[in-house]
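To keep things clear, I will list the structure first and then write my remarks on it.
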Amino acid sequence: MMFKKVLIAEDHESANISVQKTLADLGITNAEYVYYCDDALTWLRKSLKNEDPYDLLITDLSFEEDHCKQKISGGLELIKAIREEQPHLKVLVFSAENKPAIIDVLFKELSINGYVRKARNDAKELKMAIHTLYKGSNYISTGLRQTIKEKNSYELTEFDILIISLLSKGMLQKDIPLYLMQHQIKPSGLSSVEKRFNLMKEVLGFSKNEQLIAYCKDIGII
């Protein structure tokens with residue numbers, strides 16, 4: 001037994017064809033695909049109206065803009081919208097994204113069921129993921145499991161939260177040491193502050209301070 005009806009949301013034709021082939025190898029013949037998130041939501045609503053719902057959604061996260069303007073611009077927004085329409089639909093994300101904080105949010109806040117990173121051997125991973133989801137368990141690409149585990153085991157210190165808060169309120173990073181010195185908070189050197197920001201970004205998988213601030217706001221610590 002296997003999923004009966006699958007919807008694929010992927011804007012790159014080659015990746016779309018690859019996913020279709022993987023599904024065919026698994027004996028899934030009723031697979032429909034769209035290149036736009038708006039179309040994915042429309043097709044899902046139509047399937048519910050016809051009482052012939054999809055069993056599985058496979059979607060990318062990034063969709064390139066073109067001449068066709070869309071209300072839903074990416075996979076995150078698509079998953080949120082679909083969760084409102086069909087809360088228990090199995091959702092498998094197939095994306096090149098590898099930042100652990102973003103992937104963690106997908107599982108914890110959007111309740112996705114699986115994540116496969118586009119990389120070497122991704123067709124094999126995709127098959128394993130689909131089998132795992134069908135059996136009722138969640139799946140995450142092998143190479144990302146340890147990274148996610150390390151990220152979840154990392155705890156922000158009070159000092160980390162303070163300097164992130166200062167940054168979020170508009171204080172420049174180079175001015176934070178002066179604030180720390182005035183309030184007799186150690187360490188207060190610029191190099192110490194920079195090292196903490198760099199460590200947090202490295203562990204959480206971010207490249208910019210703005211991403212770090214957004215993440216901390218999302219999880220409610222600032």
Side-chain angles (χ1 to χ4, degrees), residues 3-26 28-50 52-87 89-107 109-130 132-134 138-141 143-144 205-208 210-211 214:
F3 291 110
K4 299 293 185 184
K5 188 175 181 182
V6 179
L7 178 61
I8 306 164
E10 167 63 64
D11 61 343
H12 288 179
E13 186 177 9
S14 58
N16 215 322
I17 292 172
S18 177
V19 174
Q20 291 177 60
K21 184 181 183 304
T22 298
L23 294 176
D25 290 344
L26 292 172
I28 301 173
T29 56
N30 191 357
E32 299 169 325
Y33 59 91
V34 293
Y35 295 111
Y36 299 98
C37 293
D38 285 5
D39 290 342
L41 185 59
T42 297
W43 285 37
L44 178 122
R45 286 172 172 166
K46 183 179 179 181
S47 72
L48 291 173
K49 184 178 180 181
N50 295 337
D52 185 25
Y54 292 100
D55 303 310
L56 172 67
L57 167 69
I58 300 176
T59 182
D60 197 352
L61 292 179
S62 300
F63 289 77
E64 294 182 8
E65 293 185 6
D66 61 11
H67 61 283
C68 296
K69 297 297 181 182
Q70 302 293 303
K71 293 180 180 178
I72 304 175
S73 59
L76 283 169
E77 293 84 359
L78 174 62
I79 296 169
K80 288 178 183 177
I82 280 178
R83 279 283 173 250
E84 294 180 4
E85 302 282 341
Q86 192 177 343
L89 175 67
K90 298 283 187 181
V91 175
L92 173 59
V93 174
F94 185 42
S95 170
E97 176 63 67
N98 66 346
K99 293 184 177 64
I102 293 176
I103 298 168
D104 199 40
V105 166
L106 287 169
F107 278 99
E109 297 185 13
L110 296 181
S111 301
I112 69 168
N113 305 95
Y115 190 97
V116 173
R117 186 179 174 227
K118 292 178 179 177
R120 294 186 182 91
N121 301 315
D122 55 14
K124 180 180 178 182
E125 288 263 15
L126 205 53
K127 289 179 182 178
M128 291 174 62
I130 294 169
T132 302
L133 265 60
Y134 183 75
N138 288 350
Y139 183 91
I140 185 167
S141 288
L144 291 172
F206 297 126
S207 59
K208 299 179 180 178
E210 291 80 5
Q211 295 170 314

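The shortest distance between side-chain heavy atoms of Glu64 and His12 falls below 4.5 Å. Between Val34 and Thr42, every side-chain heavy-atom pair lies at or beyond the 4.5 Å cut-off. Side-chain contact between Val6 and Val19: absent, with no pair of heavy atoms (C-beta onward) separated by less than 4.5 Å. Looking at Glu13 and Tyr35, their side chains come closer than 4.5 Å, going by heavy atoms from C-beta outward. At least one side-chain heavy atom of Leu23 sits under 4.5 Å from a side-chain heavy atom of Ile8. The shortest side-chain heavy-atom distance between Ile58 and Ile130 falls under the 4.5 Å cut-off. Counting heavy atoms from C-beta on, the side chains of Leu106 and Leu61 come closer than 4.5 Å.
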Q | Verdict with reasoning, Leu133 to Phe3, per side chain to side chain contact (heavy atoms under 4.5 Å, CB included) | A | CA-CA 9 Å; Leu133 265 60; Phe3 291 110; 4.1 Å; yes

Q.
side chain to side chain contact (heavy atoms under 4.5 Å, CB included) for Asp60 and Glu97? Distances and angles first, verdict last.
A. CA-CA 9 Å; Asp60 197 352; Glu97 176 63 67; over 6 Å; no

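The OH atom of Tyr36 lies 13.5 Å from the CH2 atom of Trp43; values are rounded to the nearest 0.5 Å. To the nearest 0.5 Å, the span separating CD on Glu109 from NZ on Lys80 amounts to 8.0 Å. Atom CG in Asn138 sits 10.5 Å away from atom CG in Leu92 (nearest 0.5 Å). Note: Leu89 CG to Ser111 OG = 12.0 Å, rounded to the nearest 0.5 Å. For the atom pair CZ (Phe63) and CD (Glu77), the distance works out to 10.0 Å, reported to the nearest 0.5 Å. In this structure, Ile140 CD1 and Ile103 CD1 are separated by 5.5 Å, a value rounded to the nearest 0.5 Å.
For the pair Ser47 and Leu44, the tightest heavy-atom approach, listed with the atom from each and the gap, is OG-O, 2.7 Å. Leu78 and Ala9 make their closest contact through CD2-CB, 4.0 Å (heavy atoms, listed as atom of the first residue, atom of the second, distance). Closest approach of Ser73 to Cys37, counting heavy atoms only: C-SG, 4.5 Å. Minimum interatomic distance between Gly75 and Thr59 (heavy atoms only, all atoms of both residues): CA-OG1, 4.3 Å.
Of the possible polar contacts, one joining the Arg83 side chain to the Leu110 backbone as a donor-acceptor pair under 3.5 Å is found. Under a 3.5 Å cut-off, the side chain of Thr132 and the backbone N or O of Tyr139 do not form any donor-acceptor pair. The closest donor-acceptor contact from the side chain of Gln211 to the backbone of Ser207 lies under 3.5 Å. Asn16 contributes a side-chain N or O that, together with a main-chain N or O of Glu10, makes up a donor-acceptor pair within less than 3.5 Å. The closest donor-acceptor contact from the side chain of Asp38 to the backbone of Gln70 lies at 3.5 Å or more, if one exists at all.
If you run side chain to side chain donor-acceptor pair (under 3.5 Å) between Lys5 and each of Thr29, Asp55, Asp52, only Asp52 comes through. Remark: of the listed residues Arg117, Glu125, Lys118, Lys118 is the sole one forming a side chain to side chain contact (heavy atoms under 4.5 Å, CB included) with Phe94.
Lys124 meets the side-chain hydrogen bond (donor to acceptor under 3.5 Å, both in side chains) test with no other residue; sequence neighbours excluded.
For Glu32 and Lys46, the salt-bridge test fails: no basic side-chain N is under 4.0 Å from an acidic carboxylate O.
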